[in-house]
Amino acid sequence: MSKELKPQSIVIAGGGSTFTPEIILMLLDNAETLPIRTLKLYDNDPERQKIVADAVEIILSERAPHIEYLATTDPKEAFTDVDFVMAHIRVGKYAMREQDEKIPLKYGVIGQETCGPGGIAYGMRSIGGVLELVDYMEQYSPDAWMLNYSNPAAIVAEATRKLRPNSKILNICDMPIGLESRMAKVLGLESRKEMDVRYYGLNHFGWWTDIHDKNGNDLMPKLKEYISKHGFSLEGLGKDPKENDPSWMDTYRKAKDVYQLDPNTLPNTYLKYYFFPDEAAEHSDPNFTRANEVMAGREKRVFGECMRITEMKSAKDTKLEVGAHASYIVDLARAIAYNSHERMLLIVPNNGSIVNFDPTAMVEIPCIVGSNGPEPLTQGEIPRFQKGLMEQQVAVEKLVVEAWVEKSYQKLWQALATSKIVPNAKVAKDILDDMIEANKDFWPELH
């Protein structure tokens, strides 16, 4: 098959990420349908990238020696002659994520990577970093596409819509994919690709309204029955691995309570932070948050394995795993490269897809993807309950981007005060003042 397909040149921006090895393994697993001629890693932290890059070099030499490989911190070298930029950067790394989580908790507010004050702080750091990557791509490879899965995706997507409106950037998120994989297990299907879904919302803030199989059978009744009892946990099937992070297991289970608010739909798990913020804060350990969990767990595990590969000079018996839901990145790249018209959930300007909603809002909806990018599918009108919640959340996202552009303290305070997760304007101000102090190396100076 690969004889007919034009091989692609890919740069992974955020080469030092713990997710980079699994993306590379997944690209190699899919080399038949997405052949690669050049693979590059780019990061602005050479030490961190080297840990991953040295291991990747060994993996490629063993599994795909024909691929030209380069790890670099030089934008010109990284972004010249590429077809795709796969971006997953974390400005401020896990040390700043820890601040995003711990500062709100001082005030009894949940600190979360993409929701509420944590997501707002992270967004203020991410906007400049993502725009920089877009500009490098347009300077050195003007025909390339950026597949961006840097968080917080909603704020980043609004920033690119407003500030780089003509850029070839697609903002994507793997959370719905992960949940659909769980649904497939509940239904006894081989893969989530056996389901056709209708879904609408914002990133980390959406609802499934319809799920059918390829023969037209309605799968919603069985899913609703299961999720009303177990949420998205697979414990009802005896299938959830014990080694899953405890915080994720709580999130999967909690979906059963979120579901009760609108039993006509199935909710994204992140809605728990908006509907039960006090409970989420109470269940958090202010001394050991999710960032600490990741640094002690995933980061240690992945970097340790990369170093072992480098030391052994072989990846033959590696414990590195292929990203379970990273394959959607390949689906997306393939749809653009070879015009395959894949149906995918993407974050796109609404432009009438949700009829009774702000046309400039960045919504997450199914799209058909081909060489010209996404064609969003119309979702019609949405109920008042979801519309009201989404309008409040879109206001937060737009205010954050305006605050970044205008360097406005007032707008950022308004964003925090508008967030459903923050109880009042005084708490919003207290959190903001602490966050300004913590982020002085990363945010524009506000006035």
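- Looking at residues two or more places apart in sequence or on another chain, you find a ring-ring contact (aromatic ring centres under 6.0 Å, His included) between Y199 and W208.
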Ring pair (Phe, Tyr, Trp, His ring centres under 6.0 Å) assessment of Y252 paired with F232: CA-CA 5 Å; Y252 291 139; F232 284 102; 7.4 Å; no
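- Side-chain contact check for Q49 and N44: no donor-acceptor pair (N or O, by modelled atom type) lies under 3.5 Å.
- In this structure, V396 and S419 have side chains that are in contact, with non-hydrogen atoms separated by less than 4.5 Å.
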Pair R334-T33, side chain to side chain donor-acceptor pair (under 3.5 Å): steps then yes or no: CA-CA 7 Å; R334 193 165 43 220; T33 53; 2.3 Å; yes
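- For H88 and S150, the side-chain atoms include no donor-acceptor pair closer than 3.5 Å.
- Side chain of T378 to main chain of G380: no donor-acceptor pair is present (N/O by atom type, distance under 3.5 Å, no hydrogens or angles).
- Distance CD1/I23 to CG/L28: 12.0 Å, rounded to 0.5 Å.
- Comment: R90 engages E113 in a salt bridge, judged by a side-chain N to carboxylate O separation of less than 4.0 angstrom.
- With values rounded to the nearest 0.5 angstrom, E132 atom CD is found 14.0 Å from I127 atom CD1.
- Salt bridge present: R298 and E22 bring a charged side-chain N and a carboxylate O closer than 4.0 Å.
- Panel note: side chain T20, backbone I12; no donor-acceptor pair is recorded below 3.5 Å.
- Between Y273 and T251 there is a side-chain heavy-atom pair separated by less than 4.5 Å.
- To the nearest 0.5 Å, the span separating CD on E138 from CG on D143 amounts to 10.5 Å.
- Considering only heavy atoms from C-beta on, T18 comes within 4.5 Å of Y94 through its side chain.
- For the residue pair I211 and M220, the shortest heavy atom distance occurs at N-CG, 3.5 Å.
- Between the N356 side chain and the E381 main chain, no donor and acceptor come within less than 3.5 Å of each other.
- Put simply, the side chain of I336 reaches to within 4.5 Å of the side chain of L170, judged on heavy atoms.
- Classification of D100 and R97 as a salt-bridged pair fails, no side-chain N sitting under 4.0 Å from a carboxylate O.
- For the residue pair T318 / E305, a side-chain donor-acceptor distance below 3.5 Å is found, with atom types taken as modelled.
- We find that K398 and E158 are joined by a salt bridge, their nearest charged nitrogen and carboxylate oxygen being less than 4.0 Å apart.
- For the pair E279 and K254, the salt-bridge criterion is met [side-chain N within less than 4.0 Å of a carboxylate O].
- A donor-acceptor pair is defined here as one N or O able to donate and one able to accept, closer than 3.5 Å; such a pair exists between the side chain of Q379 and the backbone of L377.
- Between atom NZ of residue K411 and atom CD of residue E402 there is a gap of 4.0 Å, rounded to the nearest 0.5 Å.
- Here I169 contributes atom CD1 and M137 contributes atom CE; the two are 7.0 Å apart, rounded to the nearest 0.5 Å.
- Counting heavy atoms from C-beta on, the side chains of N171 and E364 never come closer than 4.5 Å.
- More than 12 heavy atoms of other residues, nucleotides or ligands sit less than 6.0 Å from atom CD of Q392.
- Taking all atoms of both residues into account, the shortest heavy-atom contact from E101 to A291 is OE1-N, 2.8 Å.
- Within 6.0 Å of NZ on K256 lie more than 12 heavy atoms contributed by other residues, nucleotides or ligands.
- Heavy-atom minimum distance, Y338 versus P35: OH-CD, 3.4 Å.
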Intermediate values then yes/no, side chain to side chain donor-acceptor pair (under 3.5 Å), K40 and T72: CA-CA 8 Å; K40 307 191 225 190; T72 181; over 6 Å; no
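- A donor-acceptor pair under 3.5 Å links the side-chain atoms of N350 to the main chain of I354, judged by distance alone.
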Worked check of side chain to side chain donor-acceptor pair (under 3.5 Å) between D262 and Q386: CA-CA 9 Å; D262 179 16; Q386 279 86 356; 2.7 Å; yes
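- Within a 6.0 Å sphere centred on CD of Q260, other residues, nucleotides and ligands contribute more than 12 heavy atoms.
- Remark: E62 engages K316 in a salt bridge, criterion side-chain N to carboxylate O under 4.0 Å.
- Put simply, the side chain of D83 does not reach to within 4.5 Å of the side chain of I10, judged on heavy atoms.
- What you find for F303 and V52 is that their closest heavy atoms are CE2-CG2, 3.7 Å.
- A salt bridge does not link R48 with D43: every distance from a Lys NZ or Arg NE/NH1/NH2 to an Asp or Glu carboxylate oxygen is 4.0 Å or more.
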D331 vs R343, salt bridge (charged side-chain N to carboxylate O under 4.0 Å, His left out): CA-CA, chis, key distance, verdict: CA-CA 9 Å; D331 294 337; R343 181 174 170 149; over 6 Å; no
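- Between the CD1 atom of I110 and the CZ atom of R290 there is a distance of 12.0 Å, given to the nearest 0.5 Å.
- The nearest pair of heavy atoms linking A335 to V369 is CB-O, 3.5 Å.
- Taking a 6.0 Å sphere around CD of E225, one finds it holds 12 or fewer heavy atoms contributed by other residues, nucleotides or ligands.
- The pair E391-K387 meets the salt-bridge criterion, with a side-chain N (NZ, NE, NH1 or NH2) lying under 4.0 Å from an Asp/Glu carboxylate O.
- Other residues, nucleotides and ligands contribute over 12 non-hydrogen atoms within 6.0 Å of the CG atom of N217.
- Around the NZ atom of K214, the shell of radius 6.0 Å holds more than 12 heavy atoms that belong to other residues, nucleotides or ligands.
- Here the side chains of E180 and M195 are in contact, with some heavy-atom distance below 4.5 Å.
- Checking side-chain atoms of R125 against main-chain N and O of N439 turns up no donor-acceptor pair under 3.5 Å.
- Using a 4.0 Å cut-off between a side-chain N of Lys or Arg and a carboxylate O of Asp or Glu, D45 and K93 qualify as a salt bridge.
- Nearest heavy atoms, I227 versus A255: CG2-O, 4.5 Å.
- Aromatic ring pairs are classed by plane angle as parallel below 30°, tilted from 30° to 60° and perpendicular above 60°; the pair Y136 and F79 is tilted.
- No side-chain donor-acceptor contact under 3.5 Å links R37 to the backbone of Q8.
- Side-chain N or O atoms of E194 include one that pairs as donor or acceptor with a backbone N or O of E190 at under 3.5 Å.
- Looking only at distances, no side-chain donor or acceptor of D54 sits under 3.5 Å from a matching main-chain atom of I51.
- Contact check for K420 versus P277: no side-chain heavy atoms found under the 4.5 Å cut-off.
- The pair K193-E342 counts as a salt bridge, with a side-chain nitrogen and a carboxylate oxygen less than 4.0 angstrom apart.
- Between F205 and Y270, the gap from one ring centroid to the other reaches at least 6.0 Å.
- A donor-acceptor pair is defined here as one N or O able to donate and one able to accept, closer than 3.5 Å; such a pair exists between the side chain of Y69 and the backbone of A53.
- Checked against ring-ring contact (aromatic ring centres under 6.0 Å, His included), Y200 has no partners two or more places apart in sequence or in another chain.
- In this structure, K50 places its NZ atom where only 12 or fewer heavy-atom neighbours from other residues, nucleotides or ligands lie under 6.0 Å away.
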